[in-house]
S.K.: 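Structure incoming, see below.
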Protein chains: 2
Amino acid sequence: MRSSEPRAAARSAPTIGSVAEVAGVSRATVSRAFTRPQMLRPETVEKVRDAARRLGYVPNPAAKALSTGRFGNLAMVVPDIANPYIPPMISAVEEQADAAGFAVFLGNSAEDPAREDLLLRKLTPQVDGFVLAASRMGEDVIRRHAQARPLVLVNRDIEGIPRVLIDTAGGVAQAVEHLAGLGHRRLAYLSGPPHSWANAQRRRAVKRTGDKLGLEVVTLPARLSSHDAGRQAVGALLESGATAVVAFDDLLAQGVLAGLAERGIRVPGEFSVAGCDDVLAAQTFPPLTTVSARAREAGATAVELLTSRLGSGGGAMSDVRVMLDTTLVVRATTGPRPV
Amino acid sequence: MRSSEPRAAARSAPTIGSVAEVAGVSRATVSRAFTRPQMLRPETVEKVRDAARRLGYVPNPAAKALSTGRFGNLAMVVPDIANPYIPPMISAVEEQADAAGFAVFLGNSAEDPAREDLLLRKLTPQVDGFVLAASRMGEDVIRRHAQARPLVLVNRDIEGIPRVLIDTAGGVAQAVEHLAGLGHRRLAYLSGPPHSWANAQRRRAVKRTGDKLGLEVVTLPARLSSHDAGRQAVGALLESGATAVVAFDDLLAQGVLAGLAERGIRVPGEFSVAGCDDVLAAQTFPPLTTVSARAREAGATAVELLTSRLGSGGGAMSDVRVMLDTTLVVRATTGPRPV
DNA sequence: TTGTATGCGTTATCAC
DNA sequence: GTGATAACGCATACAA
């Protein structure tokens, strides 16, 4: 079956067989020396490891996977890698997975549910589990994938599927209270992606807290999370009569800042702006009041849930739902209501 | 060898055997229906594909890899996924790889050459090739890896290894000319990571162009590419007597803008700032004059090089070195020398 | 054009 | 404690 020339990829990499030969033992013994050393005499283990080291032997994961049905790989699928709250999460997932001995596939769905579904289908046969960040797929589709492989969701709340939720409701509520405390009476919420769990959560939190404090709350659509969308929303924002805005995320908030600056409206003197996710930190001008994100922790936690479940032989746990609290970080874009 | 319970990962996924059974053909025919349809009668192909579809058959990549020595996977390794010029590149790599039928592993070296080396070693046995962005590893180490697997570098210039270089020298030279044209006589270059090819290239371009135009050029170290590093460099910047700065990248430039704003120094009225990479677009205040990046194209090109080389049976081409030109994007942070 | 037989590198089940 | 050997799922020489 082998073509005439050596295979393209691994040309004559040492196999378990060559190690066995050099060590003067059987292939089975070599295998055991790595997977179950306690079954062997210590000196045998040493002998085998020595031979392996000399040959530069590395186990072939494809063969291992074929035999065990386990791959040593995870996949992380995200809606938009360019969104700044994603990379820290990826980074945390990668670190945590690496520490647990897993390599990580990355998939970018570009906010397209169909593409996300396809990605999962293609990745399934070579991963042990998935981390899905802010999945845009339908609940039924997610459930189907969860049946094929262990799967942990981040910022998507589906009962029965392990999930890590960054609970921005608390932080957003604090933002509303903060603005109310500064005397604002009419407040706008600038929406994010419509299918986003986070957006629904934040919108609700603004509304509820605003109602409680007797504020008027208007909700403005933005459709996308982007700088431009924020800038373009400024017109509607000013027409709404609000004196302060809570934006779905920092990108939108930054766009709003730019749009206000263009119109010569001073922040926070004439208008207050709060963001969410704390991804731009103090990088805006003025430094943005925002809600802390904990994206790194969310990623790390998701992998912990996944690997612990994989370790326990895939035994389904009861419903797991981890909430990560958030708090308001007051910087310099919020101030007293203009008089 | 199978343990009593079904394997953890793929429980009874349909195999080529089940498809063969349903379609009433041999397993070899099923295999050929997917890999070499032209060898079969069209109706046979149709019959097989039909059965496969009904069963939801997905080829097992581990078995395929074991048999062919090809994996259908690429790995992309980056120094720091949080650096905003990286995600667009990853995104492009992913798209292009996906289009060519490859899945993508992502590795984050955290700027650590040893970690990068380890990552590659662990990934090697399950990928067909690598894209290394701004690798921090030693040249000999890279060459060794390149011997094990086809490998394309981005922004790292090693003879004999295919590489895609974003040639910011041109854009940076334009920036210096632009500043000279505005009357600046003393100019600073704010450095980036010391082991970075891009940093060396940009520093040289500033120096050379400055010399040519009779400007005084001072080079300031920054060690890191970060907002804070830029802000902290402002003191040294002002002491240097320069009236304009070209920063290694936009992040540094943005930090400089913040540091200047803190001191009440107006941009571009009293000081001019230019960045590089165009990752913040118009998101700074004022919108940043910078050098275009083309990170997406670089990523896509790298994958093209890689897959074309893989397609051609791994036959080594002669030296490949793709340069992507850049140009200056003038926005609002550069202006006439203060009088 | 299609079927048969074999091997890819590993783990696991038996023997010894 | 260790050695044969049969899977795992697929691709391919070879036979028909």
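The chains referred to below are lettered A, B, ... by the order of the sequence lines, with proteins before strands, and numbering in each begins at 1.
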S.K.: Name the one of A:His195, A:Arg163, A:Glu116 that satisfies side chain to side chain donor-acceptor pair (under 3.5 Å) with A:Ser135?
M.R.: A:Glu116
S.K.: Measure the distance from CD on B:Gln126 to P on C:dG9 and round it to the nearest whole Å.
M.R.: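 From B:Gln126 CD to C:dG9 P: 16 Å.
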S.K.: What residues from residues 31-41 of chain B pass a heavy-atom cutoff of under 4.0 Å to DNA chain D?
M.R.: B:Ser31, B:Arg32, B:Thr35, B:Arg36
S.K.: Would you say the side-chain atoms of B:Asp319 pair up with the backbone N or O of B:Gly160, donor to acceptor, closer than 3.5 Å?
M.R.: yes
S.K.: Which of the following nucleotides, C:dG9, C:dT6, D:dG3, is nearest to the side chain of B:Arg27?
M.R.: C:dT6
S.K.: Quick one: sort the A:Phe34 and A:Tyr57 rings into parallel, tilted or perpendicular, breaks at 30° and 60°.
M.R.: tilted
S.K.: Using whole Å, report how far CD of B:Glu43 lies from P of C:dT2.
M.R.: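 Those two atoms, CD and P, are 8 Å apart.
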S.K.: Salt bridge check: are A:Arg143 and A:Glu139 linked by an N-O gap of less than 4.0 Å?
M.R.: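 The answer is yes: the pair qualifies as a salt bridge.
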S.K.: Given A:Asp98 and B:Arg115, is the side-chain contact (heavy atoms from CB on, under 4.5 Å) satisfied, shown in steps?
M.R.: CA-CA 11 Å; A:Asp98 191 72; B:Arg115 194 170 146 59; 3.4 Å; yes
S.K.: So which nucleotide from C:dT10, C:dT4, D:dG9 ends up closest to the side chain of A:Asn60?
M.R.: C:dT10
S.K.: How bent is the helix from C:dT1-D:dA16 to C:dC16-D:dG1, comparing axes over its five end pairs at each side, to the nearest 10°?
M.R.: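 Computed from the C1' atoms at both ends, the axes differ by 40°.
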S.K.: Nearest whole angstrom, please: distance from the P of D:dA7 to the CD1 of B:Ile16.
M.R.: 19 Å
S.K.: Give me the one residue out of B:Leu306, B:Val131, B:Ile161 that meets side chain to side chain contact (heavy atoms under 4.5 Å, CB included) with B:Leu151.
M.R.: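 When B:Leu306, B:Val131, B:Ile161 are each tested with B:Leu151, the side chain to side chain contact (heavy atoms under 4.5 Å, CB included) holds only for B:Ile161.
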S.K.: Checking B:Asp117 against B:His145 for the side-chain contact (heavy atoms from CB on, under 4.5 Å) test, could you report, in this order, the C-alpha distance in whole Å, the side-chain angles of both residues, the deciding distance, and whether it holds?
M.R.: CA-CA 9 Å; B:Asp117 181 40; B:His145 284 294; 2.5 Å; yes
S.K.: Quickly work out the B:Leu66 CG to D:dC8 C1' distance and round it to whole Å.
M.R.: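 After rounding, the gap between these two atoms is 9 Å.
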S.K.: Rounded to the nearest Å, what distance is computed from the CZ atom of residue A:Phe71 to the C1' atom of nucleotide D:dG9?
M.R.: 11 Å
S.K.: Does CD belonging to A:Glu21 count more than 12 external heavy atoms closer than 6.0 Å?
M.R.: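 No, not enclosed.
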S.K.: Verify the contact: side-chain N or O of B:Thr44 to OP1 or OP2 of C:dT2, cut-off strictly under 4.0 Å; return yes or no.
M.R.: yes
S.K.: Is the number of heavy atoms from other residues, nucleotides or ligands under 6.0 Å of A:Gln38 CD greater than 12?
M.R.: yes
S.K.: Given C:dA12, C:dT11, D:dA11, identify the nucleotide with an atom nearest to the side chain of B:Lys64.
M.R.: D:dA11
S.K.: In terms of side-chain heavy atoms of A:Ser67, which of D:dC10, D:dC8, C:dG3 is nearest?
M.R.: D:dC8
S.K.: Given D:dG3, D:dC8, D:dA11, which nucleotide is nearest the side-chain atoms of A:Val25?
M.R.: D:dG3
S.K.: Under 4.0 Å between any heavy atoms, over every strand shown, what does B:Pro59 touch: base, sugar-phosphate, or nothing? Just pick one.
M.R.: sugar-phosphate
S.K.: Look at A:Ser26 and D:dT2 and indicate whether a side-chain polar atom (N or O) is within less than 4.0 Å of OP1 or OP2.
M.R.: no
